[in-house]
2 protein chains.
Amino acid sequence: MAKDQGLRRPATVQDVANLAEVSKATAARALGQYGAVSARVMTKVTAAAAALGYLPNDLARTMTTGRSGTIGVIVGDIENPYFGLAVRGVSDGAKARGFNVVLVNSGEDVAEEKAALEVLVRKQIDGFIIAPAASGDTAHLLNIATIGRPVVLMDREIPALGFDAVVLDDKAAAKRATELLIAAGHTRLSYITAAGMKQHTLCDATGIGLSTVANRIAGFSEALADAGIPDPHRYIRFGVTDRQGAQHVIADLLNLSDRPTAILASDSLIALAILRTTKDVRLIIPRDISLISFHDADWTSATTPSVTVVAQPAYDLGREVVSMLIERIEGLAEPPRRRELPTRLIERESVSAPK
Amino acid sequence: MAKDQGLRRPATVQDVANLAEVSKATAARALGQYGAVSARVMTKVTAAAAALGYLPNDLARTMTTGRSGTIGVIVGDIENPYFGLAVRGVSDGAKARGFNVVLVNSGEDVAEEKAALEVLVRKQIDGFIIAPAASGDTAHLLNIATIGRPVVLMDREIPALGFDAVVLDDKAAAKRATELLIAAGHTRLSYITAAGMKQHTLCDATGIGLSTVANRIAGFSEALADAGIPDPHRYIRFGVTDRQGAQHVIADLLNLSDRPTAILASDSLIALAILRTTKDVRLIIPRDISLISFHDADWTSATTPSVTVVAQPAYDLGREVVSMLIERIEGLAEPPRRRELPTRLIERESVSAPK
DNA sequence: CCATCGATTGAGACCGGTCTCAACATTTAA
DNA sequence: TTAAATGTTGAGACCGGTCTCAATCGATGG
């Protein structure tokens, strides 16, 4: 056998066919396990393929079959552990059913989301899983549907679009957490969220860009209203996205003369910023301020104090989403489905009565 | 205009050509910005493309050009914040140069790594960025090279393969950190790492699967040797991968009658497990035990005590790796290059003198 | 012994782009 | 005014698979 370790053109079906002394069509049938092939030919072709180190070209296959076996996932921020976990759920579920995953970060930006979507469409992706950056500007999402590729929304829903969606029980979760704080005796409660809005404070509740945020604020407000606490929106803060901004907004909040005595954080990144800032201004949790965070990030149980959290089944969310998407890809034609997953409040050490 | 919002076959170059009343070849030239096209035709074709909502089929393009504009990244665990950040560096760098990224998790398993590699090859990826799961079983990595697609190793190197690699100064980092602990007065020092080996303790230093681990242990041991501390391998622990195992190994270590008084953790996940376990067994950091962790994870500065860390330029690592890979993709033919990025010790509150 | 049927096989079109090459148009130079 | 050069365009092959369809093979049955 000649030494041919050098760079050689990858083997094609034709090469295998030649070596096995059959036609290209027959070799393709044997390699692609479709059509009928005699046992003798099968072994010959298999041997030839092995000898040449043949690997099929998935692009060529997709070209004719129209199916890429790949699903696209667009998330705002994979570094957010919540989405990180959800994405792993998606990956695992996809892998189990023979699909691959392409992941794109949108940076919570609609323009980038649109660009990402376009890239994926051009790559002939079979279907999409999207945690949309905003529920306002959605023309690009509708376009996808027109092309005939299924979309399932993850974590955030936009009912008007008529897509399948898997979400969490955000309103109930927020209400439950808020009630826990109220039960501890708090009356000055704050909710801090990363998600959109130009300004940081709430003027009117309309035009909230994300279903999750809207729902949580609804639950938060409802709990306050039930307890007869006035002006529920007073300590709500928006758009706390980057680390800089977070420190700022939180510091401002904590410097108020009648500062809140309890904070509900919309994700673990915000909770972290709160931890850092309270440390800076020498406030102690939970003595000076109580904290509950959305998402049971791994560090929340290891800190002192450990933090009380709304545990979200992020991994299951991912599994569920991908399984719904694959059903659609395989032809399911039902009206849009909506699934809501329950969260669970885990009480730890970061909540106590106000001073 | 007729209502045709329904599912319609996506427009092709041929469709655009028909509408613009030019040949397919001309339309393709206009759309793909290659060859020469008159201004008049250009506008006609552009208009037709817009009218039809034409989006090119990247697979077809790759089919003939042989370039997919996509690079594949294979990492052991994206949920490890260190790799998460590195991957973001890769993504950003790739996007800036017009490349897309496909990310695959290997779960630090060689078989999965091999499978992932195969999938990517079949998708005609232009090049690979790999943090190899082991430096022993590497036949599959060599195969890739034979196919003629460039590979750059990230974080972990395997010189024998002759690939480009970007790594950190692990040995120096470990030595520096260890010296800090020794300077504080510690003589019973432990190093705990997630990476491979069946057993948890070290018999002989040969056969350590990962360059990072080997280098760090070398630095760690050298510092101990320089200080005249005997039996440097005594408190070294391996294979602390899952959360369960971590708690176990660490608890065992802390229950030793002559337990170590200082621990160097190989990543932030391990540091977290240490935090959790010390909390469980009611040891206080740094009073009872000092801690230094590799990777400046975001939470390490927010905890009480904040933790002293070896800050790794993970994002820059990703940027550097992707830029080297793209150079190769674009034809650079030089002998394998190796780049080493410096780390930085950030002193915080988790180190003090032993009791 | 020949017709019939199902199982295999090969030839060639096709997917949607790119690219080569020849034909034609328009200038420019002589 | 004509030859040469440059600019544009169209026809058709090609990438590496899949798939349709007709041809061939062997076996079965009358």
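Numbers restart at 1 for each chain; the letters A, B, ... are given by sequence-line order, proteins then strands.
For A/R122 against C/dG17, no side-chain N or O and base N or O form a donor-acceptor pair under 3.5 Å. For C/dG17, the base has a donor-acceptor partner in the side chain of B/K24 [N/O atoms by modelled type, under 3.5 angstrom].
Residue B/S38 has a polar side-chain atom (N or O) positioned under 4.0 Å from OP1 or OP2 of D/dT9. Regarding contacts with the backbone of C/dT18, a side-chain N or O of B/Y34 is found under 4.0 angstrom from either OP1 or OP2. The phosphate of D/dG10 has OP1 or OP2 within less than 4.0 Å of a side-chain N or O from B/S23.
Comparing D/dG10, D/dG17, C/dC19 against the side chain of B/T65 picks out C/dC19 as the nearest. Of the candidate nucleotides D/dT9, C/dT9, D/dG10, C/dT9 has the atom lying nearest to any side-chain atom of A/R29. Here D/dG16 is the nucleotide among C/dG17, D/dG16, C/dC19 with the atom lying nearest to any side-chain atom of B/M63. Ranking D/dT18, C/dC19, C/dG16 by closeness to the A/A28 side chain, first place goes to D/dT18. Considering only side-chain atoms of B/V37, the nucleotide from D/dT9, C/dG10, C/dT18 that sits closest is D/dT9. The side chain of A/T64 approaches C/dC14 more closely than any other nucleotide in the set D/dC19, C/dC14, D/dC15. Closest to the side chain of A/T26, from the set C/dG17, C/dG10, D/dA11, is C/dG10.
Defined by atom type and a distance below 3.5 Å, a donor-acceptor pair is present between the side-chain atoms of B/T26 and B/S23. For B/T70 and A/K123, the side-chain atoms include at least one donor-acceptor pair closer than 3.5 Å.
No side-chain donor-acceptor contact under 3.5 Å links A/D92 to the backbone of A/G89. Of the possible donor and acceptor atoms, one in the side chain of A/S68 sits under 3.5 Å from a partner among the backbone N and O of A/Q124.
The pair B/R338-B/D164 does not meet the salt-bridge criterion, since no charged nitrogen lies less than 4.0 angstrom from a carboxylate oxygen.
Remark: C1' of D/dC14 and CG of A/L59 are 16 Å apart, rounded to the nearest angstrom. Atom-to-atom, CD1 of A/I147 to P of C/dG16 comes out at 13 Å; the value is rounded to the nearest Å. Summarising the geometry, the separation between CG on A/L55 and P on D/dC15 is reported as 19 Å, rounded to the nearest angstrom. Computed from coordinates, the B/N57 CG to D/dC15 C1' distance equals 13 Å when rounded to whole Å.
Comparing B/A60 and B/A39 by the nucleotide of DNA chain D whose heavy atom lies nearest to each, the residue mapping closer to the 5' end is B/A39.
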